[in-house]
Amino acid sequence: MTPVNPEFVPDPDASRSEMKAQQRRLSSEAIFTDKGCPSPDSVTLTETPDLDNHTSVTADDPIVVGIDQAFEDDTAVSAAAAIQNGEILEVVCGRTPLSIPYIPGLLAFREGEPIIDALAQLTVDPDLLVFDGSGRIHYRQAGIATHIGVLYDVPAIGVTKNLLCGTPAESLEEPLSEGTQVAIRADEEVDAEAGTLLGYALQTRQFPNPTVRHVNPVFVSPGHQVAPKTTIRLVGALGTGYKLPAPVRLADRAAAECKR
DNA sequence: GCGACAG
DNA sequence: ATCTTGTCGC
């Protein structure tokens, strides 16, 4: 696939103020409500054969693409794994030289190039992109999930293991029971009206076994064309039994293999 | 100046 | 993100 809005191609050589300015333009273009994103109910994690018709009833279920990166020396690799009905349709790998270091808030400018390289090789067209990175939970409401989502004008969501910014509505110190969701709202360090709902902390899995007493929640947020609540439902539909959504786990593994 | 900070 | 062995337990 090819970017629909080339003006949002992240330029690693731009100045930091230019990067931030682009993110502010991005967030105004981003849509944080349901629009074109697949229904969580239509996203199946496993194939469900239709015994009556001897065929699969999920022929045109949404195509969900997980995206993740890995690094080696001065090279960045990005893997995109396309899943439909819990079946892997395609896995592609992008590779570009590393341009800039990791800077909190500017992740898309470091990882955007390999991602674009990977998506250019994708032959199927995604109904949803799932990133290992923030969407609206971002200083300028323009995390990597929002950036790439708007760039291609495709529904996107972000999932992280750590919170970048924003304030949880409740303490996350105590172990949360599975399924618990805690709102993450805009505070002083976020360019948004204080209290704006940015995303959620979501306890996708807890007490995997008697030994592992505690698992941290993940942080989910809308990237583009998805509402906060729908983001939670989508992550829930994509993550049965694991902390992270299946597409992200597959992309993570694929990126590691891309290095070899 | 101090503290915070996705991957 | 990345550097890295074994080990405990389902």
Side-chain angles (χ1 to χ4, degrees), chain A residues 10 12 16 19-20 23 26-27 30 66-80 93-116 118 129-149 156-168 172 184-192 198-202 204-224 228 231 235 241-245 247-249 251-260:
Chain A
R16 293 195 185 187
M19 293 178 178
K20 294 178 180 178
Q23 291 181 327
L26 265 169
S27 60
I67 300 173
D68 192 27
Q69 290 64 243
F71 307 87
E72 182 167 54
D73 300 323
D74 50 6
T75 297
V77 298
S78 176
C93 183
R95 179 187 302 272
T96 62
L98 261 181
S99 44
I100 61 174
Y102 165 68
I103 303 169
L106 300 179
L107 188 64
F109 294 89
R110 172 176 164 86
E111 306 188 344
E113 291 191 308
I115 289 174
I116 291 172
L129 302 179
V130 184
F131 290 87
D132 188 352
S134 283
R136 195 178 189 180
I137 295 179
H138 179 275
Y139 307 119
R140 291 162 292 282
Q141 302 184 72
I144 193 166
T146 301
H147 199 133
I148 306 301
I157 61 178
V159 183
T160 64
K161 305 173 202 65
N162 297 290
L163 184 60
L164 173 62
C165 61
T167 302
L172 301 179
I184 303 298
R185 298 185 177 285
D187 52 30
E188 308 70 44
E189 59 181 4
V190 177
D191 282 359
L198 303 176
Y200 291 91
L202 176 64
T204 52
R205 188 173 193 206
Q206 193 55 284
F207 306 132
N209 62 60
T211 301
V212 181
R213 290 288 177 178
H214 178 257
V215 173
N216 293 131
V218 293
F219 300 89
V220 307
S221 61
H224 185 46
T231 302
V235 171
Y242 297 88
K243 173 173 179 173
L244 294 171
V248 172
R249 298 201 314 275
D252 179 79
R253 178 175 61 62
E257 292 175 354
C258 282
K259 291 197 299 185
R260 313 185 64 189

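In what follows, every chain begins at residue 1, and chains take the letters A, B, ... in the order their sequences are listed.
- Each of A:V218, A:V130, A:V235 was scored for a side chain to side chain contact (heavy atoms under 4.5 Å, CB included) with A:V248, with one residue passing: A:V130.
- Nucleic acid contact class of A:T160 (heavy atoms, under 4.0 Å, all strands): sugar-phosphate only.
- The shortest non-hydrogen separation linking A:L164 to A:I137 is CD2-O, 3.7 Å.
- In this structure, A:I137 reaches neither bases nor backbone, as no heavy-atom distance under 4.0 Å exists between it and the strands shown.
- Considering only the side chain of A:Y139, B:dC5 comes nearest among B:dC5, B:dG7, C:dT2.
- Atom-to-atom, CZ of A:R140 to P of B:dC5 comes out at 16 Å; the value is rounded to the nearest Å.
- One interatomic measurement links the two molecules: CG of A:L198 to P of B:dC5, which rounds to 16 Å at whole-angstrom precision.
- For the pair A:H138 NE2 and B:dA4 C1', the computed distance is 14 Å after rounding to whole Å.
- Taking atom CG of A:D187 as the reference point, atom C1' of B:dG3 lies 13 Å away to the nearest angstrom.
- As judged by a 4.0 angstrom heavy-atom cut-off over every strand, A:G105 is placed among the base-contacting residues.
- Following rounding to the nearest Å, A:F219 (CZ) and B:dC5 (P) show an atom-to-atom distance of 11 Å.
- Between the side-chain ring of A:Y102 and the base of C:dA1, no stacking contact exists by the 5.5 Å and 30° definition.
- Nearest heavy-atom pair across A:V190 and A:C165 is CG2-SG, 3.9 Å.
- The residue A:L106 sits close to a base: some heavy atom pair falls under 4.0 Å.
- Looking at A:R253 and A:D68, no side-chain N of the basic residue comes within less than 4.0 Å of a carboxylate O on the acidic one, giving no salt bridge.
- Between A:N162 and B:dG7 there is a side-chain polar atom (N or O) within less than 4.0 angstrom of OP1 or OP2.
- Between the CG atom of A:L98 and the C1' atom of B:dG7 there is a distance of 11 Å, given to the nearest Å.
- Residue A:L198 comes nearest to A:G166 through the heavy atom pair CD1-CA, 4.4 Å, listed as atom of the first residue, atom of the second, then distance.
- In this structure, A:F71 reaches the sugar-phosphate backbone alone: every heavy-atom distance under 4.0 Å involves primed, P, OP1 or OP2 atoms, never a base.
- Atom CG in A:D73 sits about 17 Å away from atom P in C:dA1, given to the nearest Å.
- Computed from coordinates, the A:Q141 CD to B:dA6 P distance equals 18 Å when rounded to whole Å.
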